[in-house]
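Before any comments, here is the structure.
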Amino acid sequence: PSVSLAGSYTVFYTVINSNGCSSTDSMIVVIDSIPNAGINAAGPFCENAGIQNISTIHTGGRFSPTSYLDTAGQFDPSAAKSGSHKVYYSYTDGSGGSNTDSITLVVDTIPDASINAAGPFCENGGIQTITPLNAGGRFSPTSYLDTTGRFDPSLAKRGSHNIYYTFTDGNNCVAHDSATVVVDS
């Protein structure tokens with residue numbers, strides 16, 4: 001079948017007996033095509049992206065389950081961790097033909113959005129700069145903090161103040177962090 005490919009073929013059989021008499025018969029042999037077990041391109045995914053659905057050309061097959069992938073194609077990047085992960089999908093069509101395909105799913109690391117320790121600041125200490133470990137992100141603005149990390153203790157007033165930072169890396173993976181900044185009177 002792998003040489004003939006899919007289609008209908010007439011096969012002939014001839015027999016000649018010891019008296020030299022011959023007889024020929026034929027039949028049609030049908031070869032079904034190999035079903036397409038293709039997996040659609042997916043990823044890369046960020047490690048904190050949540051459950052992802054890996055789709056296939058034909059539904060009704062089964063993924064080989066792992067600790068990070070179920071038989072329906074639900075992929076958990078946080079369980080897989082960063083790196084390359086090969087997954088397999090098997091599909092059987094209505095004629096009983098089966099095939100298996102594989103794809104490598106890439107998981108990128110979670111970036112570090114840590115905020116460097118800052119403060120306590122005096123209420124009259126002037127504008128202070130809050131710095132993250134990785135520059136290029138954005139602080140959530142408030143009346144006393146701008147998006148670049150400029151913190152004004154005189155507007156914040158005495159007390160503890162939560163600030164939030166979001167950082168997106170070159171793989172478009174996003175991380176968030178928060179810190180508490182104390183202002184003294």
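Basis for what follows: all heavy atoms, side chains included, without hydrogens, waters or symmetry-related copies.
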Rounded to the nearest 0.5 Å, what's the gap from [atom1] on [X] to [atom2] on [Y]? Could you check?
X	Y	atom1	atom2	value
E47	I110	CD	CD1	4.5 Å
Q128	D152	CD	CG	9.0 Å
I115	N134	CD1	CG	12.0 Å
N162	S178	CG	OG	6.0 Å
K86	L105	NZ	CG	11.0 Å
S154	I127	OG	CD1	6.5 Å

Determine the minimum heavy-atom distance between [X] and [Y], stating which atoms define it.
X	Y	result
S84	V106	OG-CG2, 4.0 Å
S67	A79	O-CB, 3.9 Å
I103	A42	CD1-N, 4.1 Å
V183	A156	CG2-CB, 4.2 Å
G119	F121	N-CZ, 3.4 Å
C122	P153	O-CB, 3.4 Å

Grouping I, L, V, M, F, W and Y whenever their side-chain heavy atoms are under 4.5 Å apart, do [X] and [Y] come out in a common cluster?
X	Y	answer
I39	V107	yes
L5	I31	yes
L155	F139	yes

Check: [Y] main-chain N/O paired with [X] side-chain donor or acceptor under 3.5 Å:
X	Y	result
N116	T131	yes
T142	Y144	yes
N171	C173	no
D101	Y89	no
H85	A80	yes

Is the number of heavy atoms from other residues, nucleotides or ligands under 6.0 Å of I57 CD1 greater than 12?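 Atom CD1 in I57 is packed in, count exceeds 12.
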
Determine whether L69 and F75 make a side-chain contact, defined as any pair of heavy atoms from C-beta on separated by less than 4.5 Å.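 Answer yes - side chains close enough.
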
Heavy-atom side-chain proximity of T100 to S90 below 4.5 angstrom: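 Result yes, sub-4.5 Å side-chain heavy-atom pair found.
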
With D146 via salt bridge (charged side-chain N to carboxylate O under 4.0 Å, His left out) - residues at least two apart: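 Partners of D146 under the salt bridge (charged side-chain N to carboxylate O under 4.0 Å, His left out) test: R150.
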
Pairs where residues 10-19 contributes a residue and the test side chain to side chain donor-acceptor pair (under 3.5 Å) is met, not counting sequence neighbours: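 Counting only pairs at least two positions apart or across chains, the side chain to side chain donor-acceptor pair (under 3.5 Å) contacts touching residues 10-19 are T14-T24.
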
